[in-house]
Amino acid sequence: MFDINGCSIGRIVGINAGRLTTKQLSADSRLITIENNWVINNYSDNLSVLKDDETVLVCSQDTAHHDSIELWLTSHFPKVKLIKLAKGMHFEQNGNTFSVNLMDESSITMLFEKLGQNIPDYMIWISEDGKSASNEMWQNAYEILDREIISFHHLLQVWYKFKKGSKRVLTVFESRALYRPFYEMYSGFNRTIRQENPNTICSTLQIEGSLSDYISELFQELKQADFESKLNVDGRSINEYLVKNIIDPIDETNTIRKKGVYLVCGGLGGIGIKLCQYLLKEYDAKLIVAGRSSLENIQGKLTDLGLSFEDYVCCDFTNMNEVEHLYYNIKSRFTILNGVFFLPGIIQDEYLYLKSTANFRNVVSTKVNGVLNVDHVTRFEPLDFFCAFSSLSSLYGNEGQGDYSSANSFLNSFANHRNNVKKTGGRHGKTLALAWPLWNDGMQVGNDMKDHFLSKTGMQPLDTHERFSVMETLLSQKEGMVGIFKGNINHFNKIPKTKIDRSSFINIELNSDRLFEEHALQLISSIFSEAVGLNVSQIDTEANFEMFGLNSLIVATLNEAFELKFGSLSRTLFFEYFNLTELTNYFIENHQNKLEQLL
């Protein structure tokens, strides 16, 4: 989701600009960041959406939750039906209390068949915490995934078969929860559900303290349309993403070291290759590349990169034994590891109500179990950083990718979790989750899909010259989760719960001369690219014309194209001026009136 040409030109207001201004970006296309931004947003009234003939299903393992909610409903809405659901090994019923195996579709089906005409209109899903044998997330990952996001997915799938029309779902967790990254997976999941089925309003609620203190607020929350909200003693807040300009670091200190040792997790797919090429070319880095492909299948890629066979380790990141073997391999060759890039990801597009458990688990475990295992084996390493590649789908959802969006939401929360552990001395180096948009190369996405994202979101794919400059800038500036967007910032005015920090952007009105030069260069580049048959995004405006293989025939074509716009011109322009920047300066000095008309 993203753009084509580079970065903004203009007088900077209140900030320093640097590396990202080496290329120019059109006035309606910018590189920006998206960050979490919690703002106070209290309820406007005390009314509830509940009606006498409606049914609420509450899923919780804590009977105290069920009892508190039942007591409140009896007092305020005595005719509303309550279904109390707990997870169990098999189906059991005791009045309005049910125990169901949420990993078994037949067990869930029995629940809804028993309910008959009382199919729930609302669902409140309360996550449980601290119920595992160990506090180590990596040891409990499969168990927590099954009892949380995968069980939730099962329950929704069967509910869809029995309940047509509008539905409202609220997922609830304690904000200081031990396994918080698992519960924040519901954010990406719920956003995707809303895209796939607009009649289903799914929201996520964090609470600080005891759930019994917020029972009335639970039912207030059911009528809200916010994606994410939070309740504490100070009131209610919602997450409004904050859109900000990418600002270059004031100093030139590089987070990535010359000849540093880096682990690249995720193999040599499109993104992995591009990252390795960058690290090798710019930093002469020592790389250990790990991925699922066998050595035989990637020998050619290693050779092309100038890497040896010992620089690659075949590894399934969801298997701790294999990850430990990878780490021992690294330590047998190097005394120190400077940083980790975590890239693994699988996409198996299918709507959530159709997606199988096996596919869902495969997609989420690749990122969830993988990043936890790599983090665990490197926990004592004096890393400079741990950089996880996430996706914008975690922030906005994406049809057919509810599992992928959920997994990337985990990465975003994991980054915050690891940074908090670092504060207590449990980890070294900052953690950054980069929620990437599409890349023009490196991601296997067709032009139809890119066009779809452009028309739907106003966002454009990142080009090669942008993405790693962005990565380094954010590695030097940020930690936690940062989303990256390329396109027209005004599009965000149309996206609910998104706020633009306009003070961080270059003022459009400020330096009209410089802005005129930018537009002039874009026009000249466009005429040139069309005449020589190249995409404008492929053209370096500083490149010598000789690089484009100009001959007398091409020069004649160029002269004709420019004369159609500007009238009679010297036939030797492309011999007098050596690149598009110089040629643009010629037209500004000698044909400004015509340029102004064309612009």
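Position 1 is the first residue of the sequence; numbering continues from there.
Under 4.0 Å is where a charged nitrogen must lie from a carboxylate oxygen, and between R427 and E381 no such pair does. Checked for salt-bridge contact, K355 and E196 miss the test: no charged N lies under 4.0 Å from a carboxylate O. Ion pair E399/R194 not flagged as a salt bridge, since none of the NZ, NE, NH1 or NH2 atoms sits closer than 4.0 Å to an Asp/Glu carboxylate oxygen.
In this structure, the side chains of L352 and L156 stay at 4.5 Å or more apart for every pair of heavy atoms. Using a 4.5 Å heavy-atom threshold, the side chains of M471 and I256 count as touching. Under the 4.5 Å side-chain criterion, counting only non-hydrogen atoms from C-beta, I126 is not in contact with D62. Put simply, the side chain of V368 reaches to within 4.5 Å of the side chain of M185, judged on heavy atoms. Residues E310 and R333 meet the side-chain proximity criterion, which asks for heavy atoms closer than 4.5 Å. A heavy-atom distance below 4.5 Å is not found between the side chains of R361 and L145.
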Could you give me the CA-CA distance, side-chain angles and deciding distance for R180 and Q206, then say whether side-chain hydrogen bond (donor to acceptor under 3.5 Å, both in side chains) is met? CA-CA 10 Å; R180 175 170 176 156; Q206 302 178 34; 2.9 Å; yes
Before you tell me yes or no, could you show the steps for K244 and E35 under side chain to side chain contact (heavy atoms under 4.5 Å, CB included), namely the whole-Å CA-CA distance, both residues' side-chain angles and the distance that decides it to 0.1 Å? CA-CA 8 Å; K244 301 177 69 175; E35 301 177 41; 4.0 Å; yes
Just do the side chain to side chain contact (heavy atoms under 4.5 Å, CB included) check on T192 and Q195 with the steps written out, would you? CA-CA 5 Å; T192 297; Q195 290 192 25; 5.5 Å; no
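Ring to ring, F173 and F182 are not that close: their centroids are 6.0 angstrom or more apart. In this structure, W436 has its ring center at least 6.0 angstrom away from the ring center of F468. Taking the six-membered ring wherever Trp is involved, the centroid distance between the rings of F385 and Y262 falls below 6.0 Å. Remark: aromatic rings of F189 and F152 are close, center separation under 6.0 Å.
Cation-pi contact between K230 and W38: present, with separation from the ring centre below 6.0 Å and deviation from the ring axis of at most 45°.
Proximity of a side-chain donor or acceptor of N101 to a complementary backbone N or O of M103 within less than 3.5 Å is detected.
Screening V421, N420, N419 for a side chain to side chain contact (heavy atoms under 4.5 Å, CB included) involving H417 leaves a single residue, V421.
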